[in-house]
Structures are given as structure tokens and as C-alpha cells.
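Read through the structure below, which is laid out as C-alpha cells, and then see the notes.
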Amino acid sequence: MPLIEDYALIGDLQTAALVSRTGSIDWCCFPRFDSGACFAALLGEPNHGRWLVAPATRIRRSYRRYRTDTLILESVFETDEGAVRAIEFMPPRGKAPDIVRIVEGLDGSVPMRSELVIRFDFGHIVPWVRRLDHARVATAGPDALCFRTPVEVRGRDMRTVSEFTVAPGERIPFVLTWFPSHEELPEEIDPEQALSDTENYWLDWAGRADHEGDYHDEIHQSLLVLKALTYAPTGGIAAAPTTSLPELVGGVRNWDYRFCWLRDATLTLLAMLNTGYREEAEAWRQWLLRAVAGDPADLQIMYGIAGERRLDERELEWLPGYEQSKPVRVGNAASEQLQLDVYGNVLEAIYQTRVHGGAADEPVWSLMLKLLGWLDAGWRKEDAGIWEVRGPARHFTHSKMMAWVAFDRAVRMHDEFGRRGPIERWRALRDEIHAEVLARAWNDEKQAFTQSYGSDELDASVLLMPLVGFLPATDERLVSTVKAIRRELTVDGLVLRYRPQEDGDIDGLPAGEGVFLPCSFWLAEVLALQGKLDEGRELFERLLDLRNDVGLLSEEYDPVAGRQLGNFPQAFTHLALVNTAMVLGEGRGLRHSP
């Protein structure tokens, strides 16, 4: 089984596919990120669906890259017989989604093999395959895939196989197109024209960036990932294109991340606004507003990529899971949790939009007033916290801090932009929450702010205190807290979210997971804000070294085994990378401190 970091991402701004180093597409959902997978070998075996295009001989050496400023993947395979290049991409969506793979001969005559194993519904359904108009068409229920190539194709053992030889200068295309099974075959595309159009699209998009300074290439590579995870019809950004990649190999912490989290909103807006992508920032803001419209008491922490609310969680028992990590889940029950921090995230997103030149919007402010009205009393509730624990609800420090952010940004919207509201009430609540957190979240014995009121447990989410302006980074309590986190929550210098307990007392799950990469980026940022710029840069650049060969990061990392863990690639991680790079590269914070 390939390592998680052995995969590269291609996408068309509505869905994505993961391509292994050996030339196998082991994961793809059509037609959307959150649709059923037609290739699910990532969570099982080749018979659960994959598409391999690779030399049919021993590979002596291989390497790959993205074409500069694009999401066009180029992989070179060197064999005893010669060398070939595989060019793989998904053209930004027309009517139908395509995966295009072009095999180019570089040297010698290399025997090649294409093996297409289509299994709809996450590897569960073997389709009906037939020849139709010089194409192979696989159909099952509402889904159909059309496979076109100039080389000879035949069926073998419920698979579609092509064997061919490629000579120097020869280019052999393969195109796989999804379409609704009740419709006519999609029109055939010109693979070479699609390649040119796709390259022009990405280069045009890259040319709109206006960021200057250190880490420009690293920032832009992560922005490409975020763009690829954007569902273009609505502007929503999926947290990851995958489900159930484990936070501990062989463990049960396997979740579906093919949805949009509200807590990503502020980081996304900051990343896009500060690098010149205002169109994407506005599309994300509009998605956010549509998603949260309605009763403030019904605000969810996540929604579907078009704003869907029902994300019912179920287990796919027929899939054995990545390296036997079960269960495999689709849907996410955390969507039903109360997490108070999302109110602060939404208010911060709206505030940051105004700070960066966004226009006043009366309907938006009316919606914010309703959210603040619920939070007036709601902030006192216990909740599930930022980490979506499935254990007992608590008064989590991070949740209360973000409730403070909500009222603080409401006050700023009044003071800086003239927005009307019960300003004295907001000021009083802001001050009350601030005082309560300082009194009840502080632990004298630990000399640190802890995970929840009255707890002895540390939590890396407290690192966000100076990043949202709750306290200055140089406050002696935060300096002491950072020391405690580095002492108790780091493994080889990288940061755990918290220490899960064997009895599941904190999060209701068995202990065991990797270090959480966004937390390590937060630590690098806080160190810089404390005047320890060299330490911050050293940690940041070490985190950059954890990226795979094409610049991708998952959610977590195992510093003992030296491998990535969790869903991949992860928007939250790449967002943290971008915003930390902006701080370290230019020596300025992106958030507004008090």
C-alpha cells in the first residue's frame, strides 16, 4: 500500500483524484468531492477501483513534478527499455468532468499497461461495461463513465485493459469522462487542446497573485491546493478530498473531510485577501452567508460543499480501510455538535472582509445581529470544542475565547465601521468573557491556560490566543503557556493537539494519533510574535520539509515512523502554512490585535 504522501492531487474545481507514484489513480469521486467514489483502492484493494497507467516492466527510477504554477502532474518513469513521461490532469470543468492522461515516449521503446477497474459506490458496485461509438462505457445506477483511447482495449476479469508500446516522441492519450447514465455520451474532447487550455487556466490564475516577499513559492503552492479544493459552483472549500485516512494507522480515528468547515472561513479569507485573490475570498464569503442563514441556534460547524446541512454518518463495512484502519466512514456526525467557536469564526470573517475593503452589506449585518443575539446567552453553554470530541461536553477554553472574538469583532464593527447594535451590551459581554477565561482557564500548578475550565490538560488551541488578539503574545501568562505546551505537547519538536487519554475521557475515543500540523504552524507564528523569529522560522522550515515531493501536506504527521497521517491534502494545514508564511516572511501579523 502506498504511503499517504506517495499521492499527488489533480482536480477540476468540482472534484479531485489522487495519483500514486506508481501511476495508479486510487481515489476519485464523481461528479463532486462528496459523491460516491468510483476508485476506492485507497481504502481497500485494487478490486475496489483504480486506474493504473504505468510501464509494464521494471521501473528503475521515477520522479514527478507539477508544471510550474499549475496542477498538471508530470511523472517520468525510467526503465531498462527506455523512459516515458505521464502527463495527468483534470480540465477545469465544462459540462462533464474528465481525467486526461497522456503517455509520452522520451527514450527507447517502453511497454506500457493501462488497467481500469471501475467500482461505483465506494468500491461496492461492478458496472455494466459495453462498447459504444468507439468508446467503452461503464454504467451503474445514476453513474456512467466513458473511456476513450486510440490503443486497443479489451475486457479481462472485470477490468478494462490496454497493452501498448510507446516510442520516442509518441504521445498516446487516455480520457475518462463521467456523465449521468440517463444522458447521451459526452462529446469527445481533444486531449492536447485540453492540456493547453488547462495550462492556460492555471497560469492565468497564478498570474493574479500579488504577494511579494519570502516564501512566495511555498505560499503559492499551498494556494494552488486551496484552489483545487474549491467547489467552483458555490465557492465552498472542502477540508480535504478524502475520507477515512487514519490519524493513527490501524486506529478508529477515521473521518470524512469532504465538507466545508466554518472555522476555515477566517483563515481562507486572510489567505486569499492577502495574496490578491479577492474573487475567491468573496465567493467563500457568499458561501458562508448562505450556509449560516436561518435560525442562529441551528448554526452548524460544517456544511456540504453547496451548503447542505444533513451530513449523516455511516460506515462502509465492505471496505477494509487504509492499511486496515477501520471503520471507513462517509458523512460526519460532528456536523450535529454544538461548537461555540464557529460564532467567533463567522464574525471574524465578516470583520476581516471589511478591514480589507469589502463593501458594507445590510442583510449580512442583520444576520450577524441574530447570531450575536443567540450567543448573548449561548456562550455560557458547554460544547464539543474545536477538536469535535465525542466525549463529555465541557467549558473549553478555545470555545470561550472565540465567543470573546465574536463580541470583540462586533464592537469593532461598531467603532470602526459604524454598524449599529446594542454596543454597551457587547462591550460588557466581551469584558465578562475575557475575565472569566483568565480566571477559570488558568492553572497555577501548570502555569498555563488549560484545555477547559478546571482541567489539568493542555491544549494547543490555546496558541490561538495571541493570533486572534485575546492576549499579546508577550503576555507572561502566554509565554509560560507556550513553554508548557513545548514541554508537554511536543514530540520531536512538533505539536500534538492534546494528550488523548487511554480511557477516552477527553474525546470518547481510544488514545493515539500523530502530531497535528496546523498546531505546529501556530507555534511557529507565536514564537515569531514573541520576538523569537529565528526559532519560528526554524520550526516553519522544518514543517516545509515534511511536504511531499509535490508540496502536499495532510492533517497529521507521525514523527516516529516519519510519515503523513490523516486526510490528504488538508486545507486547514495549507491555510496555516500560508498565513504563518505571511507573518514570518514579512514580519507582520495578519490579524488585528487590541
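Taking the charged nitrogens against the carboxylate oxygens, Glu115 and Arg50 do have a contact shorter than 4.0 Å, which makes a salt bridge. Ion pairing between a basic and an acidic side chain is recognised when a charged N comes within 4.0 Å of a carboxylate O; Arg258 and Asp256 show such pairing. Glu247 and Arg497 are joined by a salt bridge, as a carboxylate oxygen and a charged side-chain nitrogen come within less than 4.0 angstrom of each other. Salt bridge present: Arg67 and Glu74 bring a charged side-chain N and a carboxylate O closer than 4.0 Å. One finds no salt bridge joining Asp558 and Arg563 here, because no Lys/Arg side-chain nitrogen approaches an Asp/Glu carboxylate oxygen to under 4.0 Å. Arg253 has no carboxylate O lying under 4.0 Å from a charged side-chain N of Glu556, or vice versa, which leaves the two without a salt bridge. For Arg542 and Asp492, the salt-bridge test passes: some basic side-chain N is under 4.0 Å from an acidic carboxylate O. One finds no salt bridge joining Asp157 and Arg159 here, because no Lys/Arg side-chain nitrogen approaches an Asp/Glu carboxylate oxygen to under 4.0 Å.
Residue pairs meeting the ring-ring contact (aromatic ring centres under 6.0 Å, His included) criterion with at least one member in residues 118-151, sequence neighbours excluded: Trp51-Phe147, His124-Trp318.
Ser196 places no side-chain N or O within 3.5 Å of a backbone atom of Gln193 that could act as its donor or acceptor partner. A donor-acceptor distance shorter than 3.5 angstrom exists from the side chain of Gln300 to the backbone of Arg309, with no hydrogens or angles considered. Thr149 places a side-chain N or O within donor-acceptor distance of the main-chain N or O of Pro173, the cut-off being under 3.5 Å. In this structure, His48 contributes its side chain and Glu45 its backbone to a donor-acceptor pair below 3.5 Å.
Between Phe164 and Phe174, the ring centre distance stays below 6.0 Å.
Minimum heavy-atom separation, Trp27 to Leu42: CB-CD2, 3.9 Å. Closest non-hydrogen pair, Asp121 versus Ile125, comes out as CB-CD1, 3.7 Å. Taking every heavy atom of both residues into account, Leu553 and Phe568 meet most closely at C-CD1, 3.9 Å. When all heavy atoms of Gly304 and Cys260 are compared, the closest pair comes out as O-SG, 4.2 Å. Contact between Arg263 and Gly385 at its shortest, heavy atoms only, is NH2-O, 4.2 Å.
Taking the six-membered ring where tryptophan is involved, the planes of Trp284 and Trp287 are essentially parallel, since the angle between them stays under 30° and well short of 60°.
Judged purely by distance below 3.5 Å, without hydrogens or angles, the side chains of Glu280 and Trp205 pair a donor atom with an acceptor atom.
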